[in-house]
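Working notes, structure below.
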Amino acid sequence: MGGNVLSEAQRDKSVPVSGLVSRQVVLRSRPDGKVTESCFEFREVPIAGPADGEVLVRNLWLSIDPSVRVRLGADPVPGYLPPFAIGDSLIGLAIGEILESRSPQFAVGDIVTHIHGYRDLAVIATEGATLAGVGALTKVDASVHPPETYLGVLGSSGLTAYVGLLEVATLADGDDVWVSAAAGAVGSIAAQMAKARGHRVIGSAGSDAKVAYLLERLKLDGAFDYHTDDLLGALEEHAPGGIDVYFDNVGGRQLEAAISHLKPHGRVALSGAVSEYDTVETAYGPRNMFQVVSKSLTLRGFRSGAYNHLWDAMREELGGYLRDGRLHFEQTVFEGLEDAPSAVVAMLNGRNYGKTLCRV
Ligand SMILES: NC(=O)c1ccc[n+]([C@@H]2O[C@H](COP(=O)([O-])OP(=O)(O)OC[C@H]3O[C@@H](n4cnc5c(N)ncnc54)[C@H](OP(=O)(O)O)[C@@H]3O)[C@@H](O)[C@H]2O)c1
């Protein structure tokens with residue numbers, strides 16, 4: 001039994017928990033260009049048992065999100081969470097089991113989502129901080145869906161897809177939709193949700209294998225590899241006549257192509273810009289901004305954490321699609337906390353389908 005596992009006596013709430021050690025992923029050095037595993041190291045941090053209003057959680061699953069890469073850089077991004085300092089333990093969305101509770105709201109054995117990822121054990125205040133609005137300590141019903149589902153399709157990825165399509169892009173009957181990074185977590189949900197609502201949907205991704213996955217597994221109406229030199233040609237081939245909605249996960253050249261291919265009054269939900277996270281190069285910006293004016297386009301960025309009132313609506317709709325088989329949700333799982341750095345690197349390099357997770 002490792003030092004991080006509670007003894008039977010410690011599981012009994014009458015025995016105070018002491019001598020606990022939390023193993024954590026720490027930022028060792030900032031990436032110079034693409035992030036590598038050597039940017040991270042592990043640290044064992046002694047932690048005290050929970051005080052009043054706190055719970056002790058053993059993490060089961062870590063959510064591996066592109067946004068963690070933004071915080072590895074030295075320069076703050078205005079409006080976003082601050083960079084990690086060298087030597088900081090990373091944080092991120094996670095799901096775990098309560099081992100000890102000093103809060104009347106939570107009981108031993110509850111399964112909870114929170115933001116103290118990238119570690120095995122965490123003491124968490126019940127009224128603690130969130131990650132840009134998401135990840136407040138929240139109990140989930142893991143008897144209906146497996147716990148890790150609440151990090152993916154019924155978690156932040158699902159909420160981002162739901163909000164982006166409905167609230168931000170104001171998806172309307174008959175809209176033709178393009179989703180980028182469509183084989184990833186947010187993209188695969190957004191694309192299938194739009195399909196389930198009866199739209200014509202095309203997707204882009206970074207390899208032939210992913211294009212085949214989008215067509216054969218996700219049943220999209222068209223798909224292409226964004227590495228083509230002729231993005232506009234690919235769009236014209238797969239969405240002749242234009243698109244009404246572009247769900248943008250990547251920014252850069254694909255955003256520029258979308259602006260050119262959108263129909264008048266088209267809408268863009270700017271969910272993320274992963275093409276510019278894992279690099280030190282200057283980001284590629286659209287050179288065709290006048291078309292935003294000429295075609296009366298709407299480009300709107302959003303953070304799903306500002307839409308916490310939509311969790312139930314999202315889970316009802318996407319949970320329904322999961323149950324009736326209209327939504328296929330892939331997970332790319334890395335085993336053990338030791339593999340969390342490799343999971344970050346792999347996901348940013350496209351070696352994932354659907355949600356990237358680390359099973360602790
Ligand atoms: N606004 C919000 O509240 C919110 C919340 C969660 C996530 N997001 C954003 O949503 C986007 C997708 O996140 P996710 O968690 O679903 O990750 P994901 O799509 O599962 O994984 C990231 C994907 O990015 C693609 N990628 C990497 N480099 C790229 C490049 N240079 N150009 C184009 N694509 C590239 C890779 O797919 P390929 O193999 O296809 O290249 C990779 O699989 C990210 O931008 C993220 O920041 C936003």
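Note that ligands are numbered from 1 as they come in the structure, with each ligand's atoms numbered from 1 the same way. The first residue of the sequence shown is numbered 1, and numbering continues consecutively from there. Atom set for the values below is all heavy atoms of this structure, side chains included, hydrogens, waters and symmetry mates excluded.
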Number the atoms of ligand 1 from 1 as they appear, then name those within less than 4.0 Å of a heavy atom of [X], with their elements.
{"X": "A273", "answer": "45 (O)"}
{"X": "S304", "answer": "2 (C), 3 (O)"}
{"X": "R303", "answer": "1 (N), 3 (O)"}
{"X": "G354", "answer": "20 (O)"}
{"X": "M347", "answer": "21 (O), 22 (C), 42 (C), 43 (O)"}

Quick check against the 3.5 Å criterion: does [X] have a side-chain atom that pairs as donor or acceptor with the backbone of [Y]?
{"X": "D339", "Y": "S342", "answer": "no"}
{"X": "S157", "Y": "V153", "answer": "no"}
{"X": "R28", "Y": "I86", "answer": "no"}
{"X": "Y80", "Y": "R71", "answer": "no"}
{"X": "R315", "Y": "L154", "answer": "yes"}
{"X": "R30", "Y": "G73", "answer": "yes"}
{"X": "R359", "Y": "L60", "answer": "no"}

Do any nitrogen or oxygen atoms of [X] come within less than 3.5 Å of a nitrogen or oxygen of ligand 1?
{"X": "N249", "result": "yes"}
{"X": "K355", "result": "no"}
{"X": "S156", "result": "no"}
{"X": "A205", "result": "no"}
{"X": "N352", "result": "yes"}
{"X": "V250", "result": "no"}

Nearest neighbour of atom 8 (N) of ligand 1 from the list S271, G272, G158, on a heavy-atom basis |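 Heavy atom nearest to atom 8 (N) of ligand 1 belongs to S271.
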Carboxylate-amine/guanidinium contact [X] [Y], below 4.0 Å:
{"X": "R200", "Y": "D175", "result": "no"}
{"X": "R23", "Y": "E44", "result": "yes"}
{"X": "K355", "Y": "E330", "result": "no"}

So, F334 versus W61, ring centres under 6.0 angstrom or not?
-> no
How far is [atom] from the closest protein heavy atom, and which atom is that?
{"atom": "atom 36 (C) of ligand 1", "value": "G350 CA, 3.7 Å"}
{"atom": "atom 35 (C) of ligand 1", "value": "Y226 OH, 3.5 Å"}
{"atom": "atom 28 (N) of ligand 1", "value": "L348 O, 3.6 Å"}
{"atom": "atom 24 (O) of ligand 1", "value": "V274 CG1, 3.5 Å"}
{"atom": "atom 15 (O) of ligand 1", "value": "P66 CD, 3.2 Å"}
{"atom": "atom 16 (O) of ligand 1", "value": "V186 N, 2.7 Å"}
{"atom": "atom 37 (O) of ligand 1", "value": "K210 NZ, 3.6 Å"}
{"atom": "atom 20 (O) of ligand 1", "value": "A185 N, 2.8 Å"}

Any heavy atom of G251 sitting closer than 4.0 Å to ligand 1?
->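 The answer is no, since G251 has no heavy atom less than 4.0 Å from ligand 1.
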Y277 near ligand 1 by a heavy-atom separation under 4.0 Å =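 A heavy atom of Y277 does come that close to ligand 1.
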Applying side chain to side chain contact (heavy atoms under 4.5 Å, CB included), run through R119 and L90 and close with a yes or a no.
-> CA-CA 8 Å; R119 66 201 65 199; L90 271 53; 5.9 Å; no
Quick one: which of V201, I202, D244 gives a side-chain contact (heavy atoms from CB on, under 4.5 Å) with V177?
-> V201
